[in-house]
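Report on one structure; see the data block that follows.
Lettering of chains follows the sequences in order, A, B, ..., and the numbering in each one begins at 1.
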Amino acid sequence: MSATYDPHAVEKSVQQTWEEAASFRASESGAGDKFYCLAMFPYPSGQLHMGHVRCYTLGDVINRYQRLKGRNVMQPMGWDAFGLPAENAAIKNGIPPASWTRDNIAYMRGQMQALGFGIDWSREFATCDPDYYHWEQWFFTKLYEKGLVYRKSSVVNWDPVDQTVLANEQVVDGRGWRSGALVERREMPQWFLKITDYAEELLDELDRLEGWPESVKSMQRNWIGRSQGVDIDFPIPDTDDTLTVYTTRPDTLLGATYVAVAAEHPLARRAAQSSPEVAAFVDKCRNRKTAEADVATVEKEGVPTGLSVTHPLSGEPLPVWVANFVLMEYGSGAVMSVPGHDQRDWEFARKYGIRIVQVIEPADAEACDLDAEAFVSYGRLVNSGSYDGLSSAEAFDAIAAALEGKGLGRRRTNYRLRDWGVSRQRYWGCPIPMIHCDDCGIVPVPEEDLPVRLPTDVTFEGVRSPLTTMESFYAVDCPGCGKRARRETDTFDTFMESSWYYARFASPDANTPMVDDRANYWTPVDHYVGGIEHAILHLLYARFFHKLMRDQGLVRSDEPFTRLLMLGMVLMDGRKMSKSSGDAANPQALLDKYGADAVRTAMMFAAPPDQSFEWSEAGVEGQARFCRRLWNLVHEHLAGGDVPALDPAGLSEAGRELRRKTHETIARADDDYGRRLMFNTVVSAVHELCNLVGRTEPANDQDRAAAREALRTALIVLSPIAPHVTQALWRDLGEASLLVASRWPEVDESALVQEMVELVVQVNGKVRGRLQVAHDADDAAVREQALANDNVVRFVDGKTVRKVITVPGKLINIVVG
RNA sequence: GCCCGGGUGGCGAAACUGGUAGACGCGCCAGACUCAAAAUCUGGUUCUGGAAACAGAGUGUCGGUUCGACUCCGACCCCGGGCACCA
């Protein structure tokens, strides 16, 4: 290898070496415990952005570290290829989504290869491959047979001009992004998966996911949202019907002064027929996004319907309001309102002059002023007849029992989690394998007719899915009766594809349904790496799918991801990096200028993985400089000739110091890679080690042997992060084996022993001096030495020593007063 | 609005279990090399005062616990992620 460092030549040659040695081809028969290392596959948006570079470098660092630790590692890569952007590109530029996607994949694959990721490319697939979505369709029909799939009406954003359904993202300020038309809420029949059947298991198993960050588990817990409450029936006068609401606070039932229903609720519709005001309000509610954030931040408004219901305990009539903060898709679409003890109800009641009744008083000294705000804590019941004096908890049971006795209530465990709507009125997705027959109703596509292939020779006329007008696609014979029937033209939510791809990587060519037994060797994924933005939806759906596959007998484990690393966002100009970020976000220019090792090292060095940070190019120059320095350091060392076998007894003091640093670095980096997942400090540690090698002038041949050991260590330790330059220098040091096939070095504990340690002396918690003491010096001697220190004397003199606190090996704090 | 994070020099950060705040790097300043520049090397670099020794202040804000707080507790401010059709 040449004397000057040429990153591009080095990287090309080393990548070829890996290719020839098939270094990253994974096999079930490999030596060592299996380790499935997976980074969330990308959407093929066109080119990699810095967020991708971060994610896949982190994944590759884990991959290469685990190899050094002797694991049989599999790191695959694929493409989450269905989705909106391809369709938008097609509409905008007339390029068919399939070819646009294929081109993007080819380009991005090349970029990943240039970055030197140790991926087993033989397992690659894209979710738009019929070989992949075939099994998704097969699985859906199995779930249908099991009763886990159903059809129900649900609300979508409707663009009345383009006559199409919009994603939340495509609604800007209440208007369609393309047409500018005011978006309407519209109900449509859609396919749903019964994720709520698994709510309890999805929640309870979180407690066993020890390798997941607490924050993510907490987000999932809150999302699933288990609560204990009561369904309460409010009889509707002059009918046999009741209006059912769910509440977690039945103790406040006697404080209910009205009930509120959603604009889509049957009672609201009934009222709208006779009241123009109600009709106008219901109509106004149609121009609202479906996103919860919009609903939660909207100004709370409502109108009385003129209807009333009967309070189930007091028998008094309660007015029914239509309110914009009640959602039809949550529970029954109706809530009871207790303005005295719920802040939202309090504000609504204040605004519209509705009665506010106190039924809970504080059980302790807590402040309670219903003229200022609602009292939302638990307490003791008042103004509640026979329930007065009970605690909230006692009243919960007593009132629930009373309602149950009257047949007007039932205790129920409720989940906030809603069933998963998987229908999308779009073209570029996996066709839903269902057929609508006038006579037979819903008929799943028979197994032998799968896959239902998505036609790729399509032209977009306007923005609607071409499938809806493509007779060759939708016109089919009913598999049941043979009569003409209509194929479903909706496609799946793309979260369907990303919910089981990790299992498919284990057996990418399986055509026994879905996956084969190799999935039981590789799954669960040992370490899953991806962006924090996926903390809830993707991970929850994938966990759900894993349990569905388990119950189908396809996998044996309960959870798909053993350990989880959630990456912070890479920001550009303070904003989330996206497909629309400009050139600054494009790693290609950096790659061309500095090479992969500098880009990878700079990315790892910039911040710990879980932290969001603003990307800037500045750090890359510095790490390119470091790669060069490392190169020169090794070559200067080699110019000194061969070194003898290391014998620690022959080291100078500086040599011993270097050797201590070497073994400290091994221990520290091992912990940082394996436990802490702090790769930025690994880079720092290698910098420090190399700085010391450069500063240490060898006094003898043994010192040179220590320098050799330090350099070998630096190369192994850095190799997961900067795999090319370290491999090239490894060979220059005369090592015949590849670094990727090497083993993590052992720490020599005897090298860590330090005879003298520095001790900090504090007076009243402030540093006033430093001592050099023997590492095994006893407390009394250290204390005496500390009190004799000149600067310490200045602060202690004339005062009484009240206390002396010693932290062995660290500090001594003298408390004076 | 709700749930989950974050806030430390000019900048990215480190300080892991309550024990030296600012490791490592970027930038900047000075010096060496050079006709010169780039590159490279050496030294300095939290702020204030001081030639220095050293002193005072300092981890978003305010308060608390402690011999000792970036770290624990309470209240608040600001920024980011998610909120079910972006992926």
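- Rounded to whole Å, the distance from NE2 on A:H534 to C1' on B:G82 is 11 Å.
- In this structure, A:Y541 places its OH atom 10 Å from P of B:C83, rounding to the nearest Å.
- Among the protein residues, A:E87 comes within range of no part of the nucleic acid, since none of its heavy atoms lies under 4.0 Å from any strand.
- Crowding of A:R464 atom CZ: a count of heavy atoms from other residues, nucleotides or ligands under 6.0 Å not exceeding 12.
- Here, B:G19 and B:C70 have their C1' atoms 13 Å apart, quoted to the whole Å.
- To the nearest angstrom, C1' of B:G82 lies 11 Å from CZ of A:F495.
- Of the candidates B:C86, B:C16, B:A13, B:C16 carries the atom nearest the A:R676 side chain, counting heavy atoms from C-beta on.
- Side-chain contact of A:Y5 with A:R628: a donor-acceptor pair under 3.5 Å is absent, judged by distance alone.
- With both ends at atom P, the span from B:C33 to B:G56 equals 42 Å, rounded to whole Å.
- Of the residues listed (A:R151, A:Q425, A:K152, A:R424), the one engaging A:Q190 in a side chain to side chain donor-acceptor pair (under 3.5 Å) is A:Q425, and it is the only one.
- As a whole-Å value, the separation of A:Y5 OH from B:U40 P is 14 Å.
- Taking CG from A:L166 and OG1 from A:T164, the interatomic distance works out to 6.0 Å, rounded to the nearest 0.5 Å.
- Across the P atoms, B:G74 and B:U20 are found 24 Å apart, a figure rounded to whole Å.
- Residue-level contact check: A:P42 touches neither bases nor backbone, having no heavy atom under 4.0 Å from any strand.
- Here A:S218 reaches the OP1 or OP2 of B:C4: one of its side-chain N or O atoms lies under 4.0 Å away.
- When distances run from any side-chain atom of A:Q425 to the nucleotides B:C16, B:G1, B:C85, the shortest one goes to B:C85.
- Within the 4.0 angstrom heavy-atom criterion, no nucleotide atom of any strand lies near A:H538.
- For the residue pair A:N104/A:W79, the side-chain donor-acceptor check at 3.5 Å is not satisfied.
- When each of A:G619 and A:D610 is assigned the nucleotide of RNA chain B bearing its nearest heavy atom, the one mapping closer to the 5' terminus is A:D610.
- A distance-only check finds no donor-acceptor pair linking the side chain of A:K810 to the backbone of A:T806 [under 3.5 Å].
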Identify every side-chain donor-acceptor pair in residues 790-797 of chain A under 3.5 Å, counting partners at least two apart or on other chains, and give the distances.
{"from": "A:N791", "atom 1": "OD1", "to": "A:R794", "atom 2": "NH1", "distance (Å)": "2.7"}
{"from": "A:N791", "atom 1": "ND2", "to": "A:R768", "atom 2": "O", "distance (Å)": "2.8"}

Give RNA chain B the dot-bracket treatment, 5' to 3': Watson-Crick (N1-N3 with N6-O4 or O6-N4) or G-U (N1-O2, O6-N3) under 3.5 Å, [ ] crossing, | other strand.
-> (((((((..(((......[....)))((((((.......))))))((((....))))..(((((..]....))))))))))))....
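- Between B:G12 and B:G64, the distance separating the two C1' atoms is 33 Å to the nearest Å.
- Salt bridge A:E347/A:K351: absent, no basic N to carboxylate O contact under 4.0 Å.
- By the 30° and 60° cut-offs, the orientation of the rings of A:W615 relative to A:F613 is perpendicular.
- A donor-acceptor contact under 3.5 Å is formed by the side chain of A:S684 with the base of B:A23.
- Under the 30°/60° scheme for interplanar angles, the aromatic rings of A:H534 and A:H538 are found to stand perpendicular.
- Remark: the A:R675 side chain and the B:C16 base include a donor-acceptor N/O pair separated by less than 3.5 Å.
- Residue contacts shown for A:R344 are absent, as no nucleic acid heavy atom lies under 4.0 Å away.
- Looking at the side chain of A:S215, the nearest of the listed nucleotides B:C4, B:C41, B:C85 is B:C4.
- Using a 4.0 Å heavy-atom cutoff across all strands shown, A:I805 reaches at least one base atom of the nucleic acid.
- B:A57 and B:C3 have their C1' atoms separated by 38 Å, with the value rounded to a whole Å.
- An OP1 or OP2 oxygen of B:A87 is reached within less than 4.0 angstrom by a side-chain nitrogen or oxygen of A:T494.
- Taking the six-membered ring for Trp and thresholds of 30 and 60 degrees, A:Y150 and A:F192 have nearly parallel ring planes, at less than 30 degrees apart.
- As judged by a 4.0 angstrom heavy-atom cut-off over every strand, A:R628 is placed among residues touching the sugar-phosphate backbone only.
- Residue A:R625 has a polar side-chain atom (N or O) positioned under 4.0 Å from OP1 or OP2 of B:C26.
- Among the protein residues, A:A535 comes within range of no part of the nucleic acid, since none of its heavy atoms lies under 4.0 Å from any strand.
- Within 4.0 Å (heavy atoms only), A:F605 reaches at least one base atom of the nucleic acid.
- Within the 4.0 angstrom heavy-atom criterion, no nucleotide atom of any strand lies near A:W420.
- Qualifying ring-ring contact (aromatic ring centres under 6.0 Å, His included) partners for A:Y132, counting only residues two or more places apart in sequence or in other chains: A:F125, A:W500.
- At a threshold of 4.0 angstrom between heavy atoms, the contacts of A:Q611 are confined to the sugar-phosphate backbone, with no base atom among them.
- Side-chain proximity of A:E169 to B:G81, B:C86, B:U20: nearest is B:C86.
- Residue A:V815 is in sugar-phosphate contact alone, with no base atom involved, counting any heavy-atom pair closer than 4.0 Å across all strands shown.
- The nearest heavy atom of RNA chain B to A:N764 and to A:R418 marks one nucleotide each, and the one closer to the 5' end goes with A:N764.
- Among B:U20, B:G25, B:A84, the nucleotide with an atom closest to any side-chain atom of A:R416 is B:A84.
- When rounded to the nearest whole Å, the span between CZ of A:F613 and C1' of B:A13 equals 11 Å.
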Using a 4.0 Å cut-off on protein heavy atoms (strictly under), produce a 5'-to-3' string for nucleotides 51-58 of chain B with B for base contact, S for backbone-only sugar-phosphate contact, and - for none.
-> ---SSSS-
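- Among the atoms of the strands shown, none is found under 4.0 Å from any heavy atom of A:M40.
- Listed candidates were B:U20, B:C85, B:A87. Nearest to the side chain of A:R770 is B:U20.
- Rounded to whole Å, the P atom of B:A37 lies 14 Å from the corresponding atom of B:C29.
- A distance of about 15 Å separates the C1' atoms of B:A15 and B:G9, rounded to the whole Å.
- Using a 4.0 Å heavy-atom criterion, one finds that A:T297 contacts the bases of the nucleic acid, with or without backbone contacts as well.
- Counting to the nearest Å, the P atom of B:C83 and the CG atom of A:L537 are 6 Å from each other.
- For B:G9, the base adopts the syn conformation, since its glycosidic angle falls within 90 degrees of zero.
- Looking at residues two or more places apart in sequence or on another chain, you find a ring-ring contact (aromatic ring centres under 6.0 Å, His included) between A:Y133 and A:F82.
- A straight line from CD of A:Q220 to P of B:C3 spans 17 Å, rounded to a whole angstrom.
- For A:M678, whose side chain is taken as the heavy atoms from C-beta onward, the closest listed nucleotide among B:A14, B:A23, B:C85 is B:A14.
- The residue A:N813 sits close to a base: some heavy atom pair falls under 4.0 Å.
- The side-chain contact (heavy atoms from CB on, under 4.5 Å) search around A:S465 returns A:Y427, A:L467, A:T468, not counting sequence neighbours.
- Comparing B:U59 with B:A69, their P atoms sit 11 Å apart, to the nearest whole Å.
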